[in-house]
Amino acid sequence: MTARDEILIDLRERARYFAELTDVGVPRAALAAPGTAAQPSAVALGLAPLSAAPKAPKAPRPAGPPVLTPEGVALPDLEGVRGWVGDCQRCRLAGGRKTIVFGQGDAHAELMFVGEAPGADEDEQGLAFVGRAGQLLNDIIEKGLKIPRKDVFIANVLKCRPPQNRNPEPDEILACQPFLEKQIALIQPKVLVGLGKFSAQWLFKSMEPISRLRGRIGDYDGIKVVPTFHPAYLLRNPGAKKDVWEDMKVVRRLLAEDQP
């Protein structure tokens, strides 16, 4: 297979994935077309992929407590949370955004990635992680973990892009916090991956730097948390890919626990 063939396959699969999303980033119920293209090796990661494990059917999850807004309104699903977000004006970022980036993926995913904030590409398209960092995250998920991207959920601490991609401000994080909390409460993933400093700190409820949080397993309301470097950091520091690879091996082990 030539490099051109690999690129075409990757683009075709990416186009099929985005075609399955609704306007709030939740996959449609319709089945994908039969037949899937073979995935190329993890060249972009510079690492050998883990061997693919057979996927067992998901066991039904016990119903958790109702997810409510602070006003006591029930949020039955992610569509409900998106409706609650509405045309959010809760912080200064509303004035400069093009779109609210709610997040997308499997509404019942066992694995959820949480980034920091949308970038320019995400703000333009309304989807999380679709720029260069998103392409690398896609490699980590599909070529490294051997999980289709559509089977995970991807969101950010902030739903709106900060100007010039600056760091999130504390009041902005607090304004967006209820939305991410409700997303996690409804999805109930088995593992949460915090991508970068602000996500890892939010999930750990800690102000420690990512360099110290990385390598530890945290707990968020009974959900295992694995912090790792943000894909944008890997684009600037390719040598850190080996650390992310070690973190993904931890993710694989946690996902495999209690499997039949």
Side-chain angles (χ1 to χ4, degrees), residues 50 53 55-56 58-70 75 77-78 81 102-117 128-129 137 140-141 144-145 147 149 151-159 167-168 170 172-231 233-234 240 242-260:
L50 289 166
K55 188 172 182 179
K58 290 182 181 179
R61 297 184 186 179
V67 176
L68 306 174
T69 69
L75 299 170
D77 51 29
L78 292 179
V81 179
F102 182 72
Q104 73 273 353
D106 186 344
H108 304 287
E110 292 190 340
L111 177 59
M112 180 173 178
F113 289 85
V114 180
E116 297 179 353
F129 282 91
L137 179 60
I140 292 170
I141 296 168
L145 290 173
I147 300 173
R149 176 166 163 156
D151 289 349
V152 307
F153 197 91
I154 304 174
N156 283 300
V157 172
L158 297 187
K159 307 303 183 193
N167 288 337
E172 297 162 356
I173 294 174
L174 286 174
C176 255
Q177 179 167 306
F179 307 140
L180 182 56
E181 288 176 340
K182 305 309 181 192
Q183 286 177 304
I184 295 172
L186 284 165
I187 295 168
Q188 279 295 300
K190 192 171 184 178
V191 180
L192 281 159
V193 176
L195 298 169
K197 169 186 172 182
F198 292 96
S199 173
Q201 289 179 341
W202 189 89
L203 291 167
F204 268 74
K205 306 303 180 193
S206 169
M207 293 304 294
E208 293 181 87
I210 184 64
S211 58
R212 292 185 61 184
L213 292 175
R214 226 213 99 249
R216 290 153 56 182
I217 298 175
D219 180 277
Y220 179 93
D221 288 347
I223 302 169
K224 299 297 184 184
V225 177
V226 178
T228 194
F229 294 122
H230 195 284
Y233 176 82
L234 300 183
K242 63 181 184 300
D243 297 318
V244 174
W245 181 239
E246 293 302 317
D247 298 334
M248 292 307 103
K249 286 197 271 187
V250 173
V251 169
R252 257 317 260 276
R253 175 173 59 80
L254 292 174
L255 288 173
E257 287 181 356
D258 302 324
Q259 290 290 340

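Here the structure is a predicted model, which is why all the values come from computation and not from measurement.
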With sequence neighbours left out, which residue pairs that include part of residues 184-205 fulfil the ring-ring contact (aromatic ring centres under 6.0 Å, His included) condition?
-> W202-Y220
Please answer whether the main-chain N or O of [Y] pairs with a side-chain N or O of [X] as donor and acceptor at a distance below 3.5 Å.
| X | Y | answer |
| --- | --- | --- |
| S199 | E116 | no |
| D106 | V152 | no |
| E110 | V191 | no |

What I'd like to find out is whether the side chain of [X] reaches to under 4.5 Å of the side chain of [Y], using heavy atoms alone.
| X | Y | value |
| --- | --- | --- |
| M112 | I184 | yes |
| K249 | R252 | no |
| V225 | I217 | no |
| R253 | V226 | no |

Do you know which two heavy atoms are closest between A109 and F153, and how far apart they sit?
->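 Scanning both residues completely, I find the closest heavy atoms to be CB-N, 3.6 Å.
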Of all heavy-atom pairs between L213 and P227, which one has the smallest distance, and what is that distance?
-> O-CG, 3.2 Å
Could you grab the distance from atom [atom1] of [X] to atom [atom2] of [Y], nearest 0.5 Å is fine?
| X | Y | atom1 | atom2 | value |
| --- | --- | --- | --- | --- |
| E257 | K190 | CD | NZ | 6.5 Å |
| M248 | I147 | CE | CD1 | 10.0 Å |
| L195 | L203 | CG | CG | 9.5 Å |
| N156 | F102 | CG | CZ | 12.0 Å |
| L234 | D243 | CG | CG | 9.0 Å |
| R149 | L111 | CZ | CG | 12.0 Å |

Between I140 and V244, does a side chain to side chain contact (heavy atoms under 4.5 Å, CB included) hold up when you go through it step by step?
-> CA-CA 9 Å; I140 292 170; V244 174; 4.1 Å; yes
Take F113 and L192 through the side chain to side chain contact (heavy atoms under 4.5 Å, CB included) test and state the conclusion after the steps.
-> CA-CA 6 Å; F113 289 85; L192 281 159; over 6 Å; no
For [X], give me all partners under side-chain hydrogen bond (donor to acceptor under 3.5 Å, both in side chains), at least two apart in sequence or on another chain.
| X | answer |
| --- | --- |
| Q183 | K159 |
| E181 | Q177 |
| Q201 | none |

Please list, chain by chain and in numerical order, all residues satisfying side-chain contact (heavy atoms from CB on, under 4.5 Å) with A175, sequence neighbours excluded.
->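 Applying side-chain contact (heavy atoms from CB on, under 4.5 Å) to A175 gives R90, C91.
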Quick one: list whatever passes side-chain contact (heavy atoms from CB on, under 4.5 Å) with K182, sequence neighbours left out.
-> V67, L75, V81, W84
After noting the C-alpha distance and the side-chain angles of H230 and F129, does the key distance pass the ring-ring contact (aromatic ring centres under 6.0 Å, His included) rule?
-> CA-CA 11 Å; H230 195 284; F129 282 91; 5.3 Å; yes
Please test I173 against L158 for side chain to side chain contact (heavy atoms under 4.5 Å, CB included), starting from the C-alpha separation and ending with a verdict.
-> CA-CA 6 Å; I173 294 174; L158 297 187; 4.2 Å; yes
So the salt bridge (charged side-chain N to carboxylate O under 4.0 Å, His left out) pairs with at least one residue in residues 191-215 (sequence neighbours excluded) are E208-R212, E208-R216, R214-D247
